[in-house]
Novice: 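Here it is, the structure in full.
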Amino acid sequence: MKTTLALMLNVMLAPIGAHADGGAVHLREASGPFVVTVFTAPEVPRAGPLDTSVLVQDRKTGAVILDATVNLELQPIAETDPPSPIRATLGQAKNKLLQTVTIDVPAPGWWSAKIFVNRDRDAVVLATKLLIMPAAPRLAAFWPLLILPPFAVGLFALHQTLRHSGLR
Amino acid sequence: MSPVARAALASWSVPFWATMGVLLGATLYVRGWKGLAYLRSTLLPNWRLACFLAGLASLWLAIASPLDAFGNFLLTAHMIQHLLMMLVAPPLILLGSPQNPLLRGLPRWAARDVLGPFLSWRFLKRFGRFVTHPAFCWFAAAVALLGWHIPAAYDLALISPGWHDLEHAFLFGTSLLFWWPVVQPWPSTARWHRWTIPVYLLCGDLVATTLAAVLCFSERLLYPVYATVPRLFGISEISDQVTAGAIMWVFGSTVLLGAAVIVTVRLLDPSTVKGRQSVEVLKRRSSIRPAFDLLRTPVAGALLRARYGRRALQVCLLVIAAAVIADGFFGHPMAPMNLAGVLPWTYARAFIVVALLASGNLFCMACPFTLPRELGRRLGLATRNWPRALHTKWFAVGLLVLFFWAYEKFGFWDSPKLTAWILVGYFAAAFAVDSLFRGASFCKYVCPIGQFNFVSSLVSPLEVRIRSRDVCATCATHDCVQGNQQQRGCELDLFLPRKVGNMDCTFCLDCVKACPHDNIGILALPPGSDLVNDPIRSSLGRFSRRLDIAALALVLVFSAFVSAAIMVAPVAAWRERLSERFPAISTGPATCFMFLIALVLAPALVMSTATATGRAWAHVAKPSHELFCRFSMASLPLGLAMWGAHVVFHLSSAWRTAWPVLQRAAGDLGAGWFGTPRWTASSPLFAADVLLAGQLLLLDAGILLSLYVGWRIARNDTNRHQDSLRLLLPWATVVTALFAAGVWIVFQPMQMRGMVHG
């Protein structure tokens, strides 16, 4: 019951959080036997949860490859110690052809990203840079919930005015 | 089927709000359609129901199916999605003649009192006539269709989810308008002669065909965003564009021209004309639906009405309480690893508040502390009446303030042994009081948890009350309060015909079992409605003359904010700095005094100043203290919302703690089959943003309900709108300030309690 409730609430309020689905194309590169496309959401990456989706296709035929293993590494460009890679998985995104992972990016600035794609004996590594913008103020993300009371009060005032005056 | 095709076809999603909207629309329509059964043979036959539901289903299909997931990759998928939204869902929905069934499906009060003034608003009527004029409908649809297919707008919608939703809203909304004059849903009347409709449709087809032709015959890619995304299923950008254009052309023309043919045929059919002229407006059949009654539900109702139903619930909680006491005394000394550190302060508190918000005073119903009282009764000592001087809530107010202070001062949540002692003390107090005094004196005058629940349950949506006043008027025995040979009556002296609200009601259901007429239920009522009026309440009198109950309400409201504020980082840091500077303020008496100020004196001062200002400003004759009592009660919804936001945070952050603690406690007793506990930091029940959104929604609901109750009270006490506003404004300012404080608190990092870190 608790889990069901939790799931319901998470699903209900999910649009306020991350979308984990597609987003803007950040990188599209042919490497080895693959063509790899990396999407990031939000469209302008900001500090905080960053949804990253990867589509792996066959370089020759363009067919989508679902059984490739995709890992991602993300670290500030100044850091040298490699972070532990995070595995992207199928099924999290709305589009079930994409392998998705949500990475927490704690600070703005330039970050380097590495995408490791493995399938059977084929393995490729792609590298890119991401400019992470400062996180949007939390208030900005929740403004619809904050203007709800004044909006409802305004609507109620109109309702009462209509009910008790000759405006009808 | 290949795995890729299988994955593509599995790319469904359930957009929560849209799905809820569709389900709500369907529920209201079906409810209203059933209520308008007398129109079934004429205006609302079965096929209209089928059309409406099919329309909603096709709309849901458009936004939840793989069409949506692949719209960013394939223009064809996006086009089919748009066609469903523009050419399938709108006409089907309008064919259901949704206006009257949807209104009839709403609760009567919502349709009449909430929507009524808007529906009869002259401006809105004029606006409605304007936007349903065929000329406007046609142009709006054409502009939306062409506008959103301009490459810049289309690409913007593809890369931005917000713009994408707006695009869909525009296309669907204007399509509803486009189909309005075509379908002309009952009870609207045609503005243009029906013979103009085929021409109207042909002109619409012209626009759609032009756009389709551009897509088909353009040799360059119109929407550059499709060049940046990977190509799927071996379809090139240009063939995708041509396919999308062809589908739009063929499907669009088929639907629009088909509709034109149908309209023409119907215009030429003499039986349809005759039938339309013979339709008479039938009188509405009045049918007042009885309120929801929990006792008449199949499972819960049967359990609650069963002779030992309540006793079973109490025994369950008694076993849990015994386990908590035993573990508190003899278990692990660390609170997050002990049942006494986790169950009462993390789980029970949250469940009590959630139950109060969602149903009613369920904790008192299952309260284990009253079980020993039955034992005490058998001793035959309970012959005295509770002292008359203590027939108020002041003693309980004092105990509640003392409890809130002691909770912070001695850190109950962090001390299993102390928690165990508190529980033992609670059992002993209940036993002692109820062994010596008649009735449920402990519940009514002493128990701080009970008082918290009584006051909070005035905002709950369920209430124990009579089903029919007429039945009570003929009753001479008054078993509900006096009892009979088989069943005792209400021990809190609540006479059900005069009982209003949940104050002092423990949901024990003795009255239900005693009533020989089966005239008492647990009925639904709009939350907070008990706070609006001020009738004489059985055993309580009028709330406006009960300063003690008002004080109780203020303690509940302000303690919600104070207890949450104490735990957030900036306040904790400020307290630390203050105690470094003035060490004396950390002493027991000083903190106790500060709690007294924060929970009783300051709220009373602020609230009385606000109500006195409002009273003077609005020239209200009613005494100040009565207004103070009424508006203090009106603040309750916000207070309970803050409690909800607070305890749900703790439940979410420590919700996985119970299982390892239970494993540990069982292991200590030699019951190793529960497994070995894994003491790792648990992931929260809700993601941080989801939790914050839920907390804000709770606070929103709280302030809105408080303001509404305050407004109704102000209206009752004044004659003019301006005076109501003047009376309300100072109090509303205080409530708004509390709301702002609540919002600030939930945005701050909060101390986590009752969980293992790391």
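As a basis for the values below, the full set of heavy atoms in this structure was taken, side chains included, without hydrogen atoms, waters or symmetry mates.
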Novice: If you count heavy-atom pairs under 4.5 Å with chain A, which of B/Leu692, B/Leu232, B/Leu115 comes out on top?
Specialist: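 Among the listed options, the one with the most contacts to chain A is B/Leu692.
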Novice: If you take all heavy atoms of B/Ala7 and A/Leu66, which pair is closest and at what distance?
Specialist: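 Residues B/Ala7 and A/Leu66, closest heavy atoms: CB-CD1, 3.8 Å.
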Novice: Who passes side-chain contact (heavy atoms from CB on, under 4.5 Å) against B/Trp163, sequence neighbours left out?
Specialist: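 Expected list: B/Trp148, B/Leu156, B/Ser160, B/Leu166.
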Novice: Going from CZ on B/Phe73 to OG1 on A/Thr37, what distance comes out if it is rounded to the nearest 0.5 angstrom?
Specialist: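 It comes to 8.0 Å.
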Novice: Which one wins on heavy-atom pair count under 4.5 Å against chain A: B/Ile703, B/Asp113, B/Leu124?
Specialist: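 Highest number of heavy-atom pairs under 4.5 Å: B/Asp113.
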Novice: Minimum heavy-atom separation for A/Asn95 and B/Ala69, please, with both atom names.
Specialist: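 Reported closest heavy-atom pair: ND2-O, 3.4 Å.
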Novice: Using heavy-atom distances under 4.5 Å, tell me whether B/Trp711 contacts chain A through its side chain, its backbone, both, or neither.
Specialist: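 Only the side chain of B/Trp711 comes within 4.5 Å of chain A.
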Novice: Roughly how far, to the nearest 0.5 Å, is CG of A/Leu148 from CG of B/Leu699?
Specialist: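 Output value for this atom pair is 11.5 Å.
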Novice: Please find the pair of heavy atoms, one from A/Leu162 and one from B/Trp121, that lie closest to each other, and give the distance.
Specialist: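 Smallest interatomic distance, heavy atoms only, reads CD2-CD1, 3.0 Å.
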Novice: Looking only at non-hydrogen atoms, find the nearest pair between B/Thr228 and A/Val25 and report the distance.
Specialist: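 So the two residues come closest at O-CG2, 3.8 Å.
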Novice: Is A/Ile147 close to chain B through its backbone or its side chain, or both, or neither, when contacts mean heavy atoms under 4.5 Å?
Specialist: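 The answer is neither part of A/Ile147.
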Novice: Mind checking what makes side-chain hydrogen bond (donor to acceptor under 3.5 Å, both in side chains) contact with B/Thr733, not counting sequence neighbours?
Specialist: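 Not a single residue meets the side-chain hydrogen bond (donor to acceptor under 3.5 Å, both in side chains) criterion with B/Thr733.
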Novice: How many angstroms lie between atom CG of B/Leu696 and atom CG of A/Leu146, to the nearest 0.5 angstrom?
Specialist: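 Rounded to the nearest 0.5 Å, the CG-CG separation comes to 5.5 Å.
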Novice: Could you pull out the closest heavy-atom pair between B/Ala227 and A/Arg28, with the gap in Å?
Specialist: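 Closest approach of B/Ala227 to A/Arg28, heavy atoms only: O-NH1, 3.7 Å.
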Novice: Could you tell me which of B/Val229, B/Val225, B/Leu707 has the largest number of non-hydrogen atom pairs under 4.5 Å with chain A?
Specialist: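 Among the listed options, the one with the most contacts to chain A is B/Val229.
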Novice: Checking B/Pro230 against chain A: side chain, backbone, both or neither under 4.5 Å from a heavy atom?
Specialist: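 Both backbone and side chain of B/Pro230 come within 4.5 Å of chain A.
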Novice: Can you say whether B/Val743 sits under 4.5 Å from chain A via the side chain, the backbone, both, or neither, judging by heavy atoms?
Specialist: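 Contact with chain A involves the side chain of B/Val743 alone.
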Novice: Could you tell me whether a side-chain N or O of A/His159 sits under 3.5 Å from a main-chain N or O of B/Val114, the two making a donor and an acceptor?
Specialist: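 Checked: pair present.
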Novice: Counting only heavy atoms from other residues, nucleotides and ligands, does the tally under 6.0 Å from CG of A/Asp104 exceed 12?
Specialist: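 Yes, enclosed.
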